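Quick caveat: nothing in here was measured; it's all calculated off a predicted structure.
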Amino acid sequence: MSETAIQSVLEGKNKILLFRKLADQENQAAKLVFQTSHTFSYSRELETIITKDGTIVKPGELESEVSIEAIQTKKDPLAAMLREAVIKGEKLEIWEVTVDQELKNDEEKYPAIYAQGYLGSWEDVSSAEEDATISSTFTVEMEPQFGFATLTEEQEEAIQYLFKDTVAEGEEGNEGA
């Protein structure tokens with residue numbers, strides 16, 4: 001495999017999920033801590049109709065959902081909010097943001113998918129031999145939208161801490177990477 005082909009591979013760890021209650025748009029979206037995997041899926045039922053001239057296909061409506069898995073933390077306010085949203089049937093916003101410096105646009109925004117919908121399930125999984133995990137399924141209402149999203153400095157730090165110098169905060173020479 002050529003070096004160019006290797007460099008063009010998009011790593012799954014660079015795709016993160018951010019959430020917010022639709023009713024709380026005055027707050028910034030937050031990242032669920034320790035996401036291990038998610039799947040953004042699109043499907044539609046296809047009805048096949050056999051005619052004398054051959055088969056024709058009649059597409060149904062688009063259905064989209066996001067399955068989510070993460071390791072539980074002791075104190076993650078977003079996980080508590082998401083669990084509550086399932087219990088109370090509250091509408092949420094979700095963003096899948098591809099945090100890859102090479103894909104940023106001229107406005108310093110990252111490629112993203114945005115959707116509104118509901119978490120239809122929440123599972124707290126506890127195994128004797130592994131870390132406690134959560135899994136959930138987000139059902140998208142209408143069609144997901146594609147565009148670019150801004151990440152605040154706080155959101156970027158939640159993804160990966162920035163380089164810090166050895167001098168005390170605020171002293172000369174302590175600039176991030």
[X] side chain to [Y] side chain, donor-acceptor N/O pair below 3.5 angstrom:
{"X": "D124", "Y": "Q72", "answer": "yes"}
{"X": "E108", "Y": "Y110", "answer": "no"}
{"X": "H38", "Y": "E69", "answer": "no"}
{"X": "Y114", "Y": "E93", "answer": "yes"}

Taking atom [atom1] of [X] and atom [atom2] of [Y], what is their separation to the nearest 0.5 Å?
{"X": "E102", "Y": "S8", "atom1": "CD", "atom2": "OG", "answer": "9.0 Å"}
{"X": "I50", "Y": "T48", "atom1": "CD1", "atom2": "OG1", "answer": "6.0 Å"}
{"X": "E96", "Y": "L18", "atom1": "CD", "atom2": "CG", "answer": "10.5 Å"}
{"X": "T139", "Y": "E65", "atom1": "OG1", "atom2": "CD", "answer": "5.5 Å"}
{"X": "F138", "Y": "L82", "atom1": "CZ", "atom2": "CG", "answer": "9.5 Å"}

I'd like to know if the side chain of [X] reaches the main chain of [Y], judged simply by a donor and an acceptor atom lying under 3.5 Å from each other, with no hydrogens or angles considered.
{"X": "T39", "Y": "S67", "answer": "no"}
{"X": "T98", "Y": "D100", "answer": "no"}
{"X": "E129", "Y": "S127", "answer": "no"}
{"X": "R20", "Y": "N27", "answer": "yes"}

Are any non-hydrogen side-chain atoms of [X] and [Y] less than 4.5 angstrom apart?
{"X": "I134", "Y": "V125", "value": "no"}
{"X": "L119", "Y": "L92", "value": "yes"}
{"X": "I94", "Y": "V66", "value": "yes"}
{"X": "T55", "Y": "I49", "value": "no"}
{"X": "L103", "Y": "L10", "value": "yes"}
{"X": "P144", "Y": "L62", "value": "yes"}
{"X": "Q116", "Y": "L22", "value": "yes"}

Begin with the C-alpha distance, continue with both residues' side-chain angles, and end with the deciding distance and a verdict on side chain to side chain contact (heavy atoms under 4.5 Å, CB included) for T133 and T36. CA-CA 9 Å; T133 61; T36 55; over 6 Å; no
Taking a hydrophobic cluster as the set of Ile, Leu, Val, Met, Phe, Trp and Tyr residues connected by side-chain heavy atoms closer than 4.5 Å, whether directly or through intermediates, do [X] and [Y] fall within one such cluster?
{"X": "M142", "Y": "V140", "answer": "no"}
{"X": "I16", "Y": "I113", "answer": "no"}
{"X": "F40", "Y": "F19", "answer": "yes"}

Got a sec: does the CD of Q25 have more than 12 other heavy atoms crowding it under 6.0 Å? yes
K91, NZ: over 12 other non-hydrogen atoms inside 6.0 angstrom: yes
Non-hydrogen atoms of [X] and [Y] that approach each other most closely:
{"X": "R44", "Y": "P59", "result": "CD-CB, 3.8 Å"}
{"X": "S121", "Y": "S136", "result": "O-OG, 2.5 Å"}
{"X": "A30", "Y": "L78", "result": "O-CD2, 3.3 Å"}
{"X": "Q35", "Y": "L17", "result": "NE2-O, 2.9 Å"}
{"X": "A29", "Y": "W95", "result": "CB-CZ3, 3.5 Å"}
{"X": "L32", "Y": "D76", "result": "CD1-OD2, 3.4 Å"}

In this structure, is the centre-to-centre distance between the rings of F146 and F148 below 6.0 Å? no
For E63, salt bridge (Lys or Arg N to Asp or Glu O under 4.0 Å) partners two or more places apart: none
Tell me who clusters with I71, hydrophobic residues only, linked when side chains sit under 4.5 Å apart either directly or through other members. V33, F34
List the residues meeting side chain to side chain donor-acceptor pair (under 3.5 Å) with K21, not counting sequence neighbours, and say none if there are none. E84, E90
